[in-house]
Amino acid sequence: MSKAQDRIQVHTGDITKLDVDAIVNAANTSLLGGGGVDGAIHRAAGRELEFECRMLNGCNVGDAKITKGYKLPARHVIHTVGPVWQGGGKGEAGLLASCYRRSLELAVANDCRSVAFPAISTGVYRYPKDDAAKVAVYEVNDFIKHNVLPEIVVLCCFDEAMAKLYRRHLAILGEY
Ligand code: ADP
């Protein structure tokens, strides 16, 4: 049987281009769009995504909600709200882990075989990138160890520096 971390891929590029069952959006609590990856996803999906998001009544930090993907190659968008980094003493790690877990639970509930995540909270929300990479890798690995779906989880980053951090934490996992 293949190891859980063989189901985790690191990809550098634009998440809006990925042909997967679901891409995850690092949204804000309003779910009405914003900057960064959120803006890119809304631009690529078209206005219909915003119309569906309006019906959802927002989303709490650490939680996730799912919509269709509209003009995106991805069939679904899973909108999750990461924590704003406030120094680490405000439960940020638990909330970030919850974003990954809740998103993966929704992916399973919607039969998604492939899911791509951006580096949640590492942009305007200022979560330290290395710490965020560690949370992402450990949480995704723990989830897929206990679940058949999703078969593939893509950790999508915009720059090679972030990809390197993911690979380092995956390598550390591989030693166990
Ligand atoms: P947050 O508010 O959760 O910090 P941001 O959108 O500001 O969200 O940033 C999250 C991460 O997404 C950052 O690492 C940023 O480089 C990355 N990012 C921005 N646009 C894209 C994109 N089109 N595809 C993949 N990653 C992206």
Side-chain angles (χ1 to χ4, degrees), residues 3-18 20 22-31 33-42 58-66 74 77-108 112 114-147 150 152-176:
K3 282 187 290 189
Q5 62 262 42
D6 293 341
R7 288 157 62 194
I8 306 176
Q9 296 175 358
V10 179
H11 173 81
T12 307
D14 182 351
I15 200 166
T16 67
K17 308 282 188 223
L18 297 184
V20 286
I23 60 170
V24 176
N25 181 15
N28 56 48
T29 52
S30 77
L31 295 186
V37 72
D38 195 6
I41 289 172
H42 274 270
C59 183
N60 292 326
V61 178
D63 202 0
K65 294 194 175 175
I66 192 163
V77 180
I78 296 170
H79 306 262
T80 190
V81 185
V84 175
W85 180 256
Q86 296 179 77
K90 296 271 160 72
E92 292 95 325
L95 289 166
L96 185 60
S98 172
C99 287
Y100 284 92
R101 204 168 45 248
R102 291 290 302 124
S103 297
L104 289 164
E105 284 168 5
L106 277 180
V108 171
C112 295
S114 52
V115 179
F117 282 92
I120 301 163
S121 285
T122 64
V124 237
Y125 285 2
R126 303 184 316 273
Y127 204 107
K129 290 180 199 279
D130 188 49
D131 295 339
K134 183 173 178 179
V135 170
V137 163
Y138 278 76
E139 202 58 37
V140 169
N141 183 64
D142 187 64
F143 188 91
I144 59 181
K145 247 184 352 205
H146 298 104
N147 291 275
I152 297 291
V153 174
V154 180
L155 298 174
C156 176
C157 26
F158 232 16
D159 54 86
E160 198 46 43
M162 191 74 213
K164 244 174 129 170
L165 296 175
Y166 281 137
R167 287 198 201 97
R168 192 165 71 78
H169 286 292
L170 281 168
I172 294 168
L173 271 191
E175 288 165 12
Y176 293 97

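Sequential numbering from 1 along the given sequence is applied to the chain's residues. What you are looking at is a predicted structure, and each value in this text was computed from that prediction instead of being measured.
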Return each pair, listed once, that meets side chain to side chain donor-acceptor pair (under 3.5 Å) where at least one residue sits in residues 122-135; pairs must be two or more places apart or across chains.
-> D130-R168, D130-H169
Side chain to side chain donor-acceptor pair (under 3.5 Å) partners of D38, counting only residues at least two apart | N25
Can you run down the side chain to side chain donor-acceptor pair (under 3.5 Å) pairs that involve residues 87-101, sequence neighbours left out, and say none if there aren't any?
-> R101-E139
Might you point out which heavy atoms bring F117 and S103 nearest each other, and give the distance in Å?
-> CE2-CB, 3.6 Å
For H79 and A27, which heavy atoms make the closest approach, and how far apart are they?
-> CB-CB, 4.3 Å
Identify, with sequence neighbours excluded, every residue that meets side chain to side chain donor-acceptor pair (under 3.5 Å) alongside T12.
-> E160
Output the distance between atom CG (N141) and atom CG (L173), rounded to the nearest 0.5 Å.
-> 4.5 Å
Residues which pass side chain to side chain donor-acceptor pair (under 3.5 Å) with T80, listed by chain and number, not counting sequence neighbours | none
Heavy-atom nearest pair, A22 first then C112, reads CB-SG, 3.9 Å
Hey, does I172 have a side-chain heavy atom less than 4.5 Å from the side chain of V137?
-> no
Atom CD of Q9 and atom OG of S114: how far apart are they, to the nearest 0.5 Å?
-> 9.0 Å
Contacts of type salt bridge (Lys or Arg N to Asp or Glu O under 4.0 Å), residue D63, not counting sequence neighbours = R102
In terms of heavy-atom contacts, K65 and G58 come closest through NZ-O, 2.7 Å
Looking only at heavy atoms, what is the nearest atom pair of C99 and I120, with distance?
-> CB-CD1, 4.2 Å
Reported CG-to-CZ distance for the pair L155 and R167, which is rounded to 0.5 angstrom | 10.5 Å
State the CG-CG distance between N147 and L104, to the nearest 0.5 angstrom.
-> 8.0 Å
Would you say the side chain of F143 lies within less than 4.5 Å of the side chain of V153, judging by non-hydrogen atoms?
-> no
What heavy-atom pair brings A64 and C59 nearest, and what distance separates the two atoms?
-> N-SG, 3.7 Å
